[in-house]
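In the text below, chain A, chain B and the rest are named by the order of the sequence lines, each starting its count at 1. Side-chain atoms are counted along with the backbone in the values below, which use heavy atoms only and exclude waters and symmetry mates.
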There are 2 protein chains.
Amino acid sequence: MIRSGFFKSVVALEDGRDQVTGFHMAGEVLGMDGLDTECHAADVTALEDSEVCIIPRARLNDPALQRSLCKVMSRELARDHGVMLLLGSMRSEERLATFLLNLSHRLVARGFSAHEFHLRMTREEIGSYLGLSLETVSRLFSRFHLEGLLCVAQKHICIRDIDGLRALTGICPVIGLSRDARNVRQRTESRPAAV
Amino acid sequence: MIRSGFFKSVVALEDGRDQVTGFHMAGEVLGMDGLDTECHAADVTALEDSEVCIIPRARLNDPALQRSLCKVMSRELARDHGVMLLLGSMRSEERLATFLLNLSHRLVARGFSAHEFHLRMTREEIGSYLGLSLETVSRLFSRFHLEGLLCVAQKHICIRDIDGLRALTGICPVIGLSRDARNVRQRTESRPAAV
DNA sequence: CGGTAAATTGATCTCCATCAAAGATAGTGG
DNA sequence: CCACTATCTTTGATGGAGATCAATTTACCG
């Protein structure tokens with residue numbers, strides 16, 4: 001569990017390609033994939049001086065700990081689904097806007113400023129996380145700067161127009177019926193699923 | 001928990017866009033996102049007649065059940081990270097090949113044929129899951145057919161050259177050091193992280 | 001058999017990756 | 001203290017993979 005600092009996790013393919021699957025900050029728990037296999041799919045790297053709290057494998061039998069780990073994992077599942085949606089159906093500008101808003105949100109929750117912060121990761125790492133090239137990320141930062149959405153100086157970011165950023169995104173994953181829910185219902189009516 | 005049948009889960013954005021985040025079959029557990037919030041990010045739909053086993057919320061306090069749910073969720077986290085890698089850094093042909101191999105693998109584990117099966121979902125649903133348009137999926141099926149990798153007749157699929165398919169993929173997520181692990185180590189040497 | 005949803009195939013376009021080169025920054029060693 | 005070097009960033013030019021638009025064709029179900 002992260003006490004302080006900032007981390008990235010990376011999943012690799014055999015051929016050398018890899019992808020950043022997440023950025024993590026204080027309070028989050030690392031390495032919950034492969035809790036059963038004892039084998040982790042991701043490498044985790046600290047992006048600044050950091051402190052962690054190690055949870056011994058033996059303590060995993062503690063029911064209280066298990067209950068909270070369950071909750072943490074379920075939240076992470078929901079988060080990952082949001083990222084899948086981002087990677088699968090958003091355009092580049094939406095991806096970066098979503099990313100920045102999410103970052104801002106998490107920093108606020110930890111008592112930092114909502115609109116001014118220091119990026120711990122490189123453009124390449126952001127790009128990897130968002131499924132974009134580092135050049136595209138850089139160009140987007142420049143464009144957002146020009147459009148008055150952000151003030152960008154290297155890794156120092158200042159959000160100038162948070163509503164403008166929100167307008168770029170499809171807002172965020174929402175709970176409720178999906179677009180084709182109506183079709184699906186017709187379908188299950190015609191072929192009723194014995195659930 | 002799925003007793004029999006086939007499901008998809010879908011995450012939606014407010015603006016109407018949505019994305020299939022997974023296909024699920026017998027033995028898998030649904031709805032583990034939002035285990036804490038009581039609020040699920042995804043809608044789940046049966047794609048054929050199916051049977052499920054409902055787990056009452058009250059039983060979530062049972063430590064034995066919690067232990068197994070933890071394991072199930074950790075596996076799902078690893079799976080989702082694989083999908084993120086697929087969405088973020090694979091080309092269309094790799095995505096479809098990976099998808100088919102994964103499907104085959106899971107069917108074998110349930111006692112079905114490894115190389116012959118019936119797709120329960122439409123091209124559009126496959127495309128949504130893989131971050132591709134339905135036309136691209138259709139074209140890929142046609143190409144794979146021409147190249148002798150598959151025998152495609154609508155939703156009936158027959159894998160003719162499984163090694164050929166494997167060759168198209170970056171094989172699969174692998175455990176170990178990521179490509180830039182060496183750089184990262186230099187970096188942590190120069191700025192040692194107090195972990 | 002009609003009517004509807006799904007699949008196929010073609011033509012065109014666009015967003016973003018890639019290639020390339022020049023600046024900026026920070027850490028290193030003389 | 002400053003030049004040196006490696007890494008990171010920015011910006012431009014070009015090309016291509018896949019989206020989109022459009023038109024049939026095929027399968028499916030009442």
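- Taking B:Thr37 as the reference, nothing meets the side chain to side chain donor-acceptor pair (under 3.5 Å) condition, with sequence neighbours excluded.
- In this structure, B:Arg120 places its CZ atom 16 Å from P of C:dA6, rounding to the nearest Å.
- Considering only residues two or more places apart in sequence or on other chains, A:Arg160 meets the side chain to side chain donor-acceptor pair (under 3.5 Å) condition with none of them.
- Rounded to an integer number of Å, the gap from B:Leu130 CG to D:dA19 C1' is 15 Å.
- Helix bend of the helix from C:dC1-D:dG30 to C:dG30-D:dC1: the angle between its two end axes, each built from five pairs, comes to 50° after rounding to 10°.
- Residues that satisfy the salt bridge (charged side-chain N to carboxylate O under 4.0 Å, His left out) test with B:Glu93, not counting sequence neighbours, are B:Arg91, B:Arg143.
- Residue B:Leu35 is found in a hydrophobic cluster whose other members, listed by chain and number, are A:Met1, A:Val29, A:Met32, A:Leu35, A:Ile55, A:Leu60, A:Leu65, A:Leu69, A:Val72, A:Met73, A:Leu77, B:Met1, B:Val29, B:Met32, B:Ile55, B:Leu60, B:Leu65, B:Leu69, B:Val72, B:Met73, B:Leu77; membership requires side-chain heavy atoms under 4.5 Å apart, directly or through intermediates.
- The stretch residues 143-150 of chain B does not touch DNA chain D, since none of its heavy atoms comes less than 4.0 Å from the strand.
- Shortest non-hydrogen contact noted between B:Ala97 and B:Leu165 is CB-O, 3.8 Å.
- One interatomic measurement links the two molecules: CZ of B:Phe141 to P of C:dA6, which rounds to 15 Å at whole-angstrom precision.
- In terms of the salt bridge (charged side-chain N to carboxylate O under 4.0 Å, His left out) criterion, B:Arg139 has no residue partners (sequence neighbours excluded).
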Identify each donor-acceptor pair in which a side-chain atom of residues 101-114 of chain A lies under 3.5 Å from a protein atom, sequence neighbours left out, and give them as a table.
| unit_1 | atom_1 | unit_2 | atom_2 | d |
| --- | --- | --- | --- | --- |
| A:Asn102 | OD1 | A:Arg106 | NH1 | 3.2 |
| A:Ser104 | OG | A:Ala114 | O | 2.7 |
| A:Arg106 | NH2 | A:Phe23 | O | 2.6 |
| A:Arg106 | NH2 | A:Glu28 | OE1 | 3.4 |
| A:Arg106 | NH2 | A:Glu28 | OE2 | 3.1 |
| A:Arg110 | NE | A:Ala26 | O | 2.8 |
| A:Arg110 | NH1 | A:Arg106 | O | 2.9 |
| A:Arg110 | NH2 | A:Ala26 | O | 2.8 |
| A:Ser113 | OG | A:His115 | N | 3.2 |
| A:Ser113 | OG | A:Glu116 | N | 3.1 |

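- With sequence neighbours excluded, no residue forms a side chain to side chain donor-acceptor pair (under 3.5 Å) with B:Ser128.
- Straight-line distance from the CD atom of B:Glu124 to the P atom of D:dG18: 19 Å, rounded to whole Å.
- Here the C1' atom of nucleotide D:dC8 and the NE2 atom of A:His156 are 14 Å apart, to the nearest Å.
- Here B:Asp161 pairs with nothing under the salt bridge (charged side-chain N to carboxylate O under 4.0 Å, His left out) rule; sequence neighbours left out.
- With rounding to whole Å, B:Leu140 atom CG is found 11 Å from C:dT8 atom P.
- Remark: the backbone N or O of A:Val152 is paired with a side-chain donor or acceptor of A:His145 at under 3.5 angstrom.
- Here B:His156 pairs with B:His118 under the ring pair (Phe, Tyr, Trp, His ring centres under 6.0 Å) rule; sequence neighbours left out.
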Q.
At under 4.0 Å between heavy atoms, how does the protein contact nucleotides 9-25 of chain C? Give one character per nucleotide, 5' to 3', with B, S or -.
A. BBB----SSBB-----S
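- Rounding to whole angstrom units, CG of residue A:Leu47 and P of D:dT7 are separated by 17 Å.
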